[in-house]
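Have a look at the structure below, then the notes.
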Number of protein chains: 2
Amino acid sequence: MSHRPFHHGNLRAVLLEEAEAVLRERGVDALSLRELARAAGVSHGAPRSHFIDRSALLDALAERGFLRLADEMRGAASRAPGDHALALGAATSAYLRFAVREPALLDLMFAAKTDGPSEAVRNAADRLFGTMTDIMGAGVEAGAYDARDVGRLTMLLSATVQGISALVTSRRITTSQGEALVDDAIRIFLAGVSAER
Amino acid sequence: MSHRPFHHGNLRAVLLEEAEAVLRERGVDALSLRELARAAGVSHGAPRSHFIDRSALLDALAERGFLRLADEMRGAASRAPGDHALALGAATSAYLRFAVREPALLDLMFAAKTDGPSEAVRNAADRLFGTMTDIMGAGVEAGAYDARDVGRLTMLLSATVQGISALVTSRRITTSQGEALVDDAIRIFLAGVSAER
DNA sequence: ACCTGAACACCGTTCAAGT
DNA sequence: ACCTGAACACCGTTCAAGT
């Protein structure tokens, strides 16, 4: 049975993987459903069974991007369980590395879509934000700042890391300038909140 | 003479203006050279005389975006010449308003292009950064921080404002949350740098 | 449930030709 | 110098038909 040993039930996964590669190597503009279909060895109409249109594919990519980034940040932070400052640095540094590795994907994740994000994308973005909140929450027990500052500190830090990533991926600054900037931001934020009260 | 009273020497300007409108109302994906040509009443090959290809048009849009944003920030800051904190708040708030007004354009300005920004776009981005540096520089005379902190404070602030804008345009947070966040960021940055030394 | 393949409308890009 | 219009290759999307 199944003279097409490859995609039987996993065409969706194959398309997504290939799409991620194209995105990484040639950018969004080079992403075409028909080309993905050719690469997967199926007819040009086949992707339709898994993605209603091109933007649905882009949404799925953005969704997976958020989930991966959340995982990578959580993983980085967990490798320095005792030291909160170190964990925070590791997590933000993981964000920046993701940005450098997948610039077009990050663009997609924060694209200004006219109708706003789909529910799936929104949920995945919330997952990332939740992960960041968890990481920042650990700073309270470490005595780095007050519990009631966690919310806005998390928002502020995620915005700043995203902004620094945008500067790096758009080639406004180098990766190492970006790294130094992230370190600066964390230090100044922590100094700033404690100086404020 | 000139039975086509409209575009004689200004087709380029007409195309750009129409392109900005399409970008604002329907996003980048809806931007087509052929449609712009139709709207301008010229043949589909005509834009070629002014933009070598679609990405050259996008570059021109990004370039103009940077120049406009720089102007708007400078204008906002100059309306509070005496009070540096007020001027800084006005300038960053102008950034955020630009982001809300032109989300797709801002995306274009910070897009992660595979080959990096063109020279024209890079120069325009430098202009924006120069404007921000000038605005931050005024804080030294006002005694808000040390002259040698201006560089990284400017980088940090521009990254943060860009990141907050991205959160707003991607509908992760509301505009008013974004405004509050910008105010927070400025206050914490200024508290942080002075606490550091 | 998933994929094929024809059909349609639209696009970017090139280029010889006009003015 | 700028614009026209044909030509080409490619695309997204739809849909009846197959398995």
Side-chain angles (χ1 to χ4, degrees), chain A residues 1-23 25-62 104 108 111 113-115 118 120-121, chain B residues 1-23 25-62 104 107-108 111 113-115 118 121:
Chain A
M1 209 124 304
S2 163
H3 34 90
R4 286 153 313 180
F6 196 46
H7 22 77
H8 223 247
N10 65 54
L11 176 58
R12 189 190 144 92
V14 170
L15 291 172
L16 282 170
E17 194 143 352
E18 175 67 15
E20 281 165 0
V22 172
L23 201 56
E25 288 154 25
R26 291 184 286 137
V28 230
D29 291 347
L31 210 53
S32 128
L33 289 175
R34 287 177 103 110
E35 189 189 302
L36 293 178
R38 278 195 300 273
V42 294
S43 78
H44 69 260
R48 235 273 170 133
S49 306
H50 303 280
F51 305 101
I52 184 71
D53 59 19
R54 186 178 186 270
S55 91
L57 170 72
L58 299 187
D59 279 350
L61 291 171
L108 218 51
K113 301 182 59 185
T114 332
D115 300 321
S118 71
V121 171
Chain B
M1 208 122 307
S2 162
H3 34 90
R4 287 153 313 180
F6 195 46
H7 23 79
H8 222 244
N10 65 54
L11 175 59
R12 189 191 145 92
V14 170
L15 291 172
L16 282 170
E17 195 142 352
E18 176 66 17
E20 281 166 359
V22 172
L23 200 57
E25 289 154 24
R26 292 185 284 138
V28 229
D29 291 347
L31 210 53
S32 128
L33 289 174
R34 288 177 102 110
E35 188 188 301
L36 293 178
R38 278 195 301 273
V42 294
S43 79
H44 69 258
R48 235 275 170 136
S49 306
H50 300 95
F51 305 102
I52 184 70
D53 59 18
R54 187 178 184 269
S55 90
L57 170 73
L58 299 187
D59 279 349
L61 291 172
D107 269 12
L108 219 52
K113 301 181 59 185
T114 332
D115 300 321
S118 72
V121 170

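Letters A, B, ... are given to chains in the order of the sequence lines, protein chains preceding strands, and every chain is numbered from 1.
- When the side-chain contact (heavy atoms from CB on, under 4.5 Å) test is applied to A:Ala62, the partners found at least two apart in sequence or on another chain are A:Met109, A:Val121.
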**Report entry** Bracket notation of DNA chain C in which parentheses pair within the strand, [ ] cross earlier pairs, and | pairs with another strand (Watson-Crick or G-U, under 3.5 Å)
**Finding:** ||.|||||...|||||.||
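- Scanning for salt bridge (Lys or Arg N to Asp or Glu O under 4.0 Å) contacts around B:Glu20 gives B:Arg64, with sequence neighbours left out.
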Report task. Check the pair B:Leu108, B:Asp59 against side chain to side chain contact (heavy atoms under 4.5 Å, CB included), reporting the backbone distance first and the verdict last. Result -> CA-CA 8 Å; B:Leu108 219 52; B:Asp59 279 349; over 6 Å; no
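- Note that the CG atom of B:Leu23 and the CG atom of B:Leu58 stand 8.0 Å from one another [nearest 0.5 Å].
- Residues satisfying the side chain to side chain donor-acceptor pair (under 3.5 Å) criterion with A:Glu35, sequence neighbours excluded, are A:Arg26.
- Within the 4.5 Å cutoff, no side-chain heavy atoms of A:His44 are placed close to those of A:Leu33.
- Distances shorter than 4.0 Å separate none of the side-chain N or O atoms of B:Ser49 from OP1 or OP2 on D:dC2.
- One atom, CG of B:Asn10, and another, P of D:dC2, lie 12 Å apart when rounded to the nearest Å.
- Applying the salt bridge (Lys or Arg N to Asp or Glu O under 4.0 Å) test to pairs two or more places apart or on separate chains, none has a residue in residues 41-58 of chain B.
- Side-chain contact between A:Val28 and A:Val22 is absent, with no heavy-atom pair separated by less than 4.5 Å.
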Report summary line: For nucleotides 12-19 of chain C, 5' to 3', base contacts (B), sugar-phosphate-only contacts (S) and non-contacts (-) with protein non-hydrogen atoms under 4.0 Å give BBB-----
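- Among the protein residues, A:Arg38 comes within range of the sugar-phosphate backbone only, with heavy atoms under 4.0 Å from sugar or phosphate atoms but none that close to a base.
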